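Here the structure is laid out as C-alpha coordinates; the discussion comes afterwards.
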Amino acid sequence: MNNRQIAEEFIKAMIKINKYMRGSKHDNEKNKLSSTDKQFRTLMYLKKVEKSPLKKLGEGLNVSKSSLCIMLNKMVENDLVKRETDSEDRRNTFYSLSEGGIKFLDEEIDRRYNSLAENIGKKLGTEDRQLFLESLKNINLLMDKLAE
(Lines give C-alpha, C1' and ligand atoms only; values in the text may rest on other atoms or scores of the structure.)
Protein backbone atom coordinates (compact mmCIF):
# COMPACT_ATOMS: atom_id res chain seq x y z
CA MET A 1 0.00 0.00 0.00
CA ASN A 2 1.38 3.40 -0.92
CA ASN A 3 0.35 6.96 -0.07
CA ARG A 4 -1.34 7.44 -3.44
CA GLN A 5 -3.62 4.45 -2.79
CA ILE A 6 -4.53 5.86 0.63
CA ALA A 7 -5.31 9.25 -0.94
CA GLU A 8 -7.51 7.62 -3.59
CA GLU A 9 -9.46 5.59 -1.01
CA PHE A 10 -9.85 8.67 1.18
CA ILE A 11 -11.34 10.68 -1.69
CA LYS A 12 -13.68 7.81 -2.65
CA ALA A 13 -14.87 7.56 0.96
CA MET A 14 -15.45 11.31 1.23
CA ILE A 15 -17.48 11.33 -1.99
CA LYS A 16 -19.63 8.45 -0.71
CA ILE A 17 -20.12 10.09 2.69
CA ASN A 18 -21.10 13.42 1.10
CA LYS A 19 -23.47 11.69 -1.33
CA TYR A 20 -25.05 9.73 1.51
CA MET A 21 -25.48 12.81 3.71
CA ARG A 22 -27.05 14.82 0.89
CA GLY A 23 -29.38 11.98 -0.13
CA SER A 24 -30.35 10.56 3.26
CA LYS A 25 -32.24 13.63 4.41
CA HIS A 26 -34.83 13.06 1.69
CA ASP A 27 -35.40 9.36 2.41
CA ASN A 28 -38.22 9.93 4.83
CA GLU A 29 -40.51 12.98 5.00
CA LYS A 30 -40.71 12.88 8.81
CA ASN A 31 -36.90 13.16 9.00
CA LYS A 32 -36.69 16.05 6.53
CA LEU A 33 -34.16 18.54 7.83
CA SER A 34 -34.84 22.21 8.30
CA SER A 35 -31.53 23.73 7.28
CA THR A 36 -29.14 23.38 4.37
CA ASP A 37 -25.74 21.84 5.00
CA LYS A 38 -24.08 25.25 4.59
CA GLN A 39 -26.46 26.85 7.10
CA PHE A 40 -25.96 23.98 9.53
CA ARG A 41 -22.16 24.23 9.26
CA THR A 42 -22.37 27.98 9.81
CA LEU A 43 -24.54 27.60 12.90
CA MET A 44 -22.25 24.89 14.28
CA TYR A 45 -19.19 27.08 13.68
CA LEU A 46 -20.83 30.05 15.40
CA LYS A 47 -21.71 27.83 18.35
CA LYS A 48 -18.06 26.81 18.61
CA VAL A 49 -16.51 30.30 18.30
CA GLU A 50 -19.44 32.18 19.92
CA LYS A 51 -18.76 35.42 18.02
CA SER A 52 -16.96 36.07 14.75
CA PRO A 53 -16.30 38.83 12.23
CA LEU A 54 -17.35 38.08 8.65
CA LYS A 55 -13.79 37.60 7.36
CA LYS A 56 -12.86 35.01 10.01
CA LEU A 57 -16.20 33.29 9.61
CA GLY A 58 -15.57 32.95 5.87
CA GLU A 59 -12.06 31.63 6.48
CA GLY A 60 -13.24 29.18 9.13
CA LEU A 61 -15.97 27.80 6.89
CA ASN A 62 -13.95 28.09 3.67
CA VAL A 63 -16.77 30.09 2.07
CA SER A 64 -16.51 33.36 0.12
CA LYS A 65 -17.53 36.48 2.02
CA SER A 66 -20.09 37.40 -0.65
CA SER A 67 -22.03 34.12 -0.51
CA LEU A 68 -21.68 34.00 3.27
CA CYS A 69 -23.06 37.53 3.56
CA ILE A 70 -26.19 36.59 1.58
CA MET A 71 -26.79 33.53 3.75
CA LEU A 72 -26.13 35.44 6.99
CA ASN A 73 -28.62 38.15 5.99
CA LYS A 74 -31.31 35.47 5.62
CA MET A 75 -30.31 33.90 8.92
CA VAL A 76 -30.51 37.30 10.64
CA GLU A 77 -34.00 37.82 9.12
CA ASN A 78 -35.03 34.40 10.45
CA ASP A 79 -33.68 35.24 13.94
CA LEU A 80 -31.06 32.50 13.87
CA VAL A 81 -28.05 34.83 13.92
CA LYS A 82 -27.34 38.21 15.53
CA ARG A 83 -25.34 40.93 13.82
CA GLU A 84 -23.47 43.43 16.00
CA THR A 85 -21.40 46.41 14.98
CA ASP A 86 -18.18 47.05 16.91
CA SER A 87 -18.67 50.16 19.06
CA GLU A 88 -14.99 51.08 18.72
CA ASP A 89 -14.70 50.50 14.96
CA ARG A 90 -17.99 50.63 13.09
CA ARG A 91 -16.39 48.90 10.08
CA ASN A 92 -16.26 45.66 12.07
CA THR A 93 -19.38 43.52 12.18
CA PHE A 94 -19.65 40.46 14.38
CA TYR A 95 -21.99 37.50 14.02
CA SER A 96 -23.19 35.16 16.76
CA LEU A 97 -26.07 32.81 17.42
CA SER A 98 -29.31 34.41 18.60
CA GLU A 99 -31.45 32.76 21.27
CA GLY A 100 -33.64 31.47 18.44
CA GLY A 101 -30.54 30.18 16.65
CA ILE A 102 -29.36 28.29 19.72
CA LYS A 103 -32.76 26.61 20.11
CA PHE A 104 -33.02 25.88 16.39
CA LEU A 105 -29.51 24.41 16.27
CA ASP A 106 -30.15 22.15 19.27
CA GLU A 107 -33.32 20.85 17.60
CA GLU A 108 -31.56 20.46 14.24
CA ILE A 109 -28.70 18.49 15.82
CA ASP A 110 -31.25 16.23 17.46
CA ARG A 111 -33.11 15.72 14.16
CA ARG A 112 -29.92 14.92 12.29
CA TYR A 113 -28.61 12.50 14.95
CA ASN A 114 -31.97 10.73 15.21
CA SER A 115 -32.36 10.42 11.45
CA LEU A 116 -28.87 9.00 11.02
CA ALA A 117 -29.20 6.69 14.03
CA GLU A 118 -32.50 5.33 12.70
CA ASN A 119 -30.98 4.64 9.30
CA ILE A 120 -27.91 2.95 10.81
CA GLY A 121 -30.19 0.76 12.94
CA LYS A 122 -32.26 -0.23 9.91
CA LYS A 123 -29.42 -1.05 7.55
CA LEU A 124 -26.57 -2.38 9.69
CA GLY A 125 -26.52 -5.42 11.91
CA THR A 126 -24.81 -5.54 15.29
CA GLU A 127 -21.40 -6.60 13.96
CA ASP A 128 -21.48 -4.03 11.16
CA ARG A 129 -22.49 -1.28 13.61
CA GLN A 130 -19.56 -2.17 15.88
CA LEU A 131 -17.14 -2.24 12.95
CA PHE A 132 -18.52 1.09 11.71
CA LEU A 133 -18.11 2.69 15.13
CA GLU A 134 -14.53 1.48 15.52
CA SER A 135 -13.71 2.59 11.97
CA LEU A 136 -15.11 6.07 12.61
CA LYS A 137 -13.15 6.38 15.86
CA ASN A 138 -9.97 5.41 14.01
CA ILE A 139 -10.69 7.85 11.18
CA ASN A 140 -11.23 10.65 13.69
CA LEU A 141 -7.92 9.87 15.41
CA LEU A 142 -6.07 9.76 12.11
CA MET A 143 -7.71 12.96 10.87
CA ASP A 144 -6.52 14.71 14.03
CA LYS A 145 -2.97 13.61 13.17
CA LEU A 146 -3.29 14.83 9.58
CA ALA A 147 -4.63 18.18 10.79
CA GLU A 148 -1.61 18.80 13.05
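Everything numeric in this text was worked out from a predicted model, so none of it was measured.
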Residues forming a side chain to side chain contact (heavy atoms under 4.5 Å, CB included) with [X], sequence neighbours excluded:
{"X": "Met44", "answer": "Phe40, Leu105, Ile109"}
{"X": "Gln5", "answer": "Met1, Asn2"}
{"X": "Phe10", "answer": "Met14, Met143"}
{"X": "Thr85", "answer": "Arg90"}

Residues which pass side chain to side chain donor-acceptor pair (under 3.5 Å) with [X], listed by chain and number, not counting sequence neighbours:
{"X": "Asp89", "result": "Arg91"}
{"X": "Ser66", "result": "Ser64"}
{"X": "Asn73", "result": "Arg83"}
{"X": "Lys145", "result": "none"}

Connected via hydrophobic side-chain network under 4.5 Å: Leu116 and Leu124: yes
Is it the case that one hydrophobic cluster holds both Ile70 and Val81, taking links as side-chain heavy atoms less than 4.5 Å apart, direct or via other members?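 No, no single cluster joins them.
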Quick one: closest heavy-atom pair of [X] and [Y], and the distance?
{"X": "Lys56", "Y": "Tyr45", "value": "O-OH, 3.8 Å"}
{"X": "Thr36", "Y": "Arg112", "value": "O-NH2, 3.8 Å"}
{"X": "Asp79", "Y": "Ser98", "value": "O-OG, 2.5 Å"}
{"X": "Leu61", "Y": "Arg41", "value": "O-NH2, 2.6 Å"}
{"X": "Lys55", "Y": "Lys65", "value": "CA-CD, 4.0 Å"}

[X] [atom1] to [Y] [atom2] distance, which is reported to the nearest 0.5 Å:
{"X": "Leu46", "Y": "Met75", "atom1": "CG", "atom2": "CE", "answer": "7.0 Å"}
{"X": "Glu9", "Y": "Lys12", "atom1": "CD", "atom2": "NZ", "answer": "4.0 Å"}
{"X": "Asp37", "Y": "Thr42", "atom1": "CG", "atom2": "OG1", "answer": "10.5 Å"}
{"X": "Asp86", "Y": "Phe94", "atom1": "CG", "atom2": "CZ", "answer": "4.5 Å"}
{"X": "Leu97", "Y": "Ser52", "atom1": "CG", "atom2": "OG", "answer": "11.0 Å"}
{"X": "Glu108", "Y": "Leu43", "atom1": "CD", "atom2": "CG", "answer": "8.5 Å"}

Between Glu99 and Lys103, does any side-chain N to carboxylate O distance fall below 4.0 Å? no
Does [X] have any salt bridge (Lys or Arg N to Asp or Glu O under 4.0 Å) partners at least two apart in sequence or in another chain, and if so, which?
{"X": "Lys48", "value": "none"}
{"X": "Glu59", "value": "none"}
{"X": "Lys47", "value": "Asp106"}

Stepwise, does the side-chain contact (heavy atoms from CB on, under 4.5 Å) test hold for Tyr20 with Asn119? CA-CA 11 Å; Tyr20 173 81; Asn119 204 24; 2.3 Å; yes
Would the distance check show the side chain of Thr93 and the main-chain N or O of Glu84 forming a donor-acceptor pair, the cut-off being under 3.5 Å? no
Okay, side chain of Arg129, backbone of Ile120: is any donor-acceptor separation there less than 3.5 Å?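 No, the answer is negative, given that no donor and acceptor are paired below the 3.5 Å cut-off.
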Side chain to side chain, Asn92 and Pro53, heavy atoms closer than 4.5 Å: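 In short, these two side chains do not touch, never coming nearer than 4.5 Å.
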After noting the C-alpha distance and the side-chain angles of Leu57 and Leu72, does the key distance pass the side-chain contact (heavy atoms from CB on, under 4.5 Å) rule? CA-CA 10 Å; Leu57 192 55; Leu72 286 169; 3.7 Å; yes
Can you give me every donor-acceptor pair (side chain of residues 132-140, partner residue at least two apart or in another chain, under 3.5 Å) with its distance?
residue, atom, partner, partner atom, Å
Glu134, OE2, Gln130, NE2, 3.1
Ser135, OG, Leu131, O, 2.8
Asn138, ND2, Glu134, O, 3.2
Asn140, ND2, Leu136, O, 3.2

